[in-house]
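What you are looking at is a predicted structure, and each value in this text was computed from that prediction instead of being measured. Counting starts at 1 for both ligands and their atoms, following the listed order.
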Amino acid sequence: MLMRQSCRVPTAPVKLAVLTSGGDAAGMNAAVRAVVRSGLAAGLEVFAVYEGLQGLVDGGDRIRSVSSADVGGVLHQGGTFLGTARCADFRLRDGRRRAARNLVERDVDALVVIGGDGSLSGAAELRTEWPELLDELVGDGAIDQTQVDRHRRLSLVGIVGSIDNDMFGTDMTIGADTALHRITEAVDALQSTASSHQRTFVVEVMGRNCGYLALMGSLATGANFVLIPESPPGPDWETAMCDVLHSGRGIGRRANIVLVAEGVRDINGQPVTAAHVRAVLEERLGEDARVTILGHVQRGGSPSAFDRYLGTVLGYAAVHRLLGSPDGEPQLVGIQGHHVTYSPLTECVARTRSIASLIANQNFDAAMAMRGGSFTDSYRLLRTIVQALPRHLEPGRRALRLAVLHGGDPAPGMNAAVRVALRVAMDRGHTVLAVADGFRGLLAGRIEPLDWMSVSGWVSRPGAELGTNRFVPCADDLSDIAAQLEAHRVDGLLVIGGRTGYLGAHRLGDRLAIPVVCVPASINNDLPASDLSIGADTALNSIVTDVDKIKQSAVASHRCFVVEVMGERCGFLALMGGMATGAERVYLPEEGITLERLSEDLDALRAGFAHGKRLGLVIRGDGADALYTTSFIVSLFNHESNGLFDVRGAILGHVQDGGQPSPFDRIQATRLTAAAVDHLIAQAGSDDPASAIVGMREGRIEFTPLRDVSDLVDDRVQHPPASGWWMALRPLADMLAAGER
Ligand code: F6P
């Protein structure tokens, strides 16, 4: 994912400034921390600019040289500890001239700006005008020609920090995932009141011109109707909305949720307010409706695991871009899948703004298309899932019977996956059969049809309602399983699960006459053919929440904690959890643990605590080493700490696979399973059905033939290999950890 560390070229900057600007977004602190520590590690002097672009204009002590310690302990904080502002002065040339002077006076000619499109375009303007501004400053006698000669150009990299996720050049903007957490928590909470009173809640979410938060918030919460700017309500949208909600009541739905994006307008360009939606529902349906405007709650709170990761990776990449190509056009550093990307900043801003113009000019199809494939697909999918009842099978097509089961350990999001499997398959005119308790239940014939409403509310439900276990059928079981499938006239099998689920599917796959499609669901993220599996994000967020608390306890008592996280033979949770919490050491199964390493780490801890360090944090993946267990490491460190610190262990255990699924896992479960069901239907209807695994690769949904992952059947093979994509983050984790010491 990450670039190799660039060598310093002669023209590379030696002083760098970083600032946050525009609306605050959770995860900005992670980005600032990564910029500062990456800059320092590359030998630069780094300045922090406080209060956003206004701080650049004001100068003085609003621009200060910072050390690694200045960015310690900020990862878990919401907002931006540098402060931010929407700055009117910077829109004026005089403001930008003052900013240029403040930078040149400090010998700074490289800038990382973390903000929304307004802040980034302002910074790009400063960069374009830079030579002229410097000439003007020389003319005014504010700076001299030697300063100009030293700083002929301003190097600029932008990182998008905005909850709106509205920017070209990146799949995700910093803060959007955390905002989805806030929306999901709020709507989950409203569901219980809505359900108790049989009420409708109309919930307004932020996003300016972009419907991302409303759309993904709807997928993640199971909202029943959504209004977004890119697809404005048609001439009689009120009737369409009332029909959907009314028929939902007709089949027994107790809670109705309508999500309204703040920027939505009707076909005449008039704003559609939550209050209007409520009035329509009360007048036409006699609904007991309430409005909740989530407002700035969405921007607040501790950043999600993903936003900490995203901020960290982008901050690191921004510095290396500045060092590697200081004279180039300003770049926006973004992410696609798990790859860092660079795009021309001014073009990204222009294209982002063109969507707003398309919406204003009512060219909605083009606006929707410009949001990209996953946005459009998600919108289409949402319209299927929210229907109160399935549509009918197209004439001439055979109704299929599709069975769904789990295999492996529980993973948050499994219920969301079953819900969407049922809704998509039934909407296509097919029947879905639930198999209780995985392959064991299949063998025993515990197979029952599900109906449309039986999965109501499952999008947020923890655990796995169908039941799951690690039972893997053996060769002797095959004929009994085939007999059960035949008795229940099953045309295709959907396996939503982890490694043992995949193993079972692999054993059956080519021997059955019907196709099998596997959907990755495992907190370990150790499955082939997908970058991420359902449940891993929830587990990571659970780790982050718990480790944040452990750190608070540790700092109060000058302790070192050794925290054990799950993952078995895969270090995903340990490495990502370590990066998201600021752990200084991470032990991974891909690398193992040696006595030499333990001894080095002990030396570093002793040295740190002897020099005033207040807390230590080590994360150990549970499969990191058979001998050097967590309790061994705790005893060793305690015994050898020379009385400088004491050590406690914390094994997080099964809290990691419990709890409500994160928004990302709900959305991932919904998108992957919907695609898997369509694939299964196509295969089941074909003359030569083939079994497959669905996965998310580099941000896109892909299918891999099940037979191609034959190493699954070999238990001696490391799953996944040590080259799991996150292992490329190891150098970054080490560099940041060094700053923590
Ligand atoms: O751009 C982020 C955002 O939160 C938008 O979603 C919202 O429209 C706007 O900022 C609110 O701005 P302010 O915080 O200035 O009221």
Item to check | Heavy atom of G207, distance to ligand 1 below 4.0 Å | outcome: yes
Next on the checklist: Taking T221's backbone N and O only, do any of them form a donor-acceptor pair with Q191's side chain (distance below 3.5 Å, no angle check)?
Outcome noted: yes
Checklist entry - What protein heavy atom sits nearest atom 8 (O) of ligand 1, and how far away is it? => result E262 OE2, 2.4 Å
Checklist entry - Does R383 CZ have over 12 foreign heavy atoms under 6.0 Å away? => result no
Checklist outcome for this item: Of all protein heavy atoms, the one nearest atom 5 (C) of ligand 1 is D164 OD1, 3.4 Å
Item to check | Part of R86 within contact of ligand 1 (heavy atoms, under 4.0 Å) | outcome: side chain
Checklist entry - What is the closest protein heavy atom to atom 9 (C) of ligand 1, and at what distance does it sit? => result R208 NH2, 3.7 Å
Checklist entry - Can you tell me if D177 and S304 form a side-chain donor-acceptor pair at under 3.5 Å? => result yes
Checklist entry - Does a donor on one side chain and an acceptor on the other come within less than 3.5 Å for T178 and D307? => result yes
Item to check | Distance-only donor-acceptor check, side chains S162 and R208, under 3.5 Å | outcome: no
Next on the checklist: Could you identify the single nearest non-hydrogen protein atom to atom 4 (O) of ligand 1 and state the distance to 0.1 Å?
Outcome noted: R299 NH1, 2.7 Å
Checklist entry - With a 4.0 Å cut-off, would you call D377 and R671 a salt bridge? => result no
Checklist entry - Looking only at non-hydrogen atoms, which of H296, Q298, M206 approaches atom 16 (O) of ligand 1 most closely? => result H296
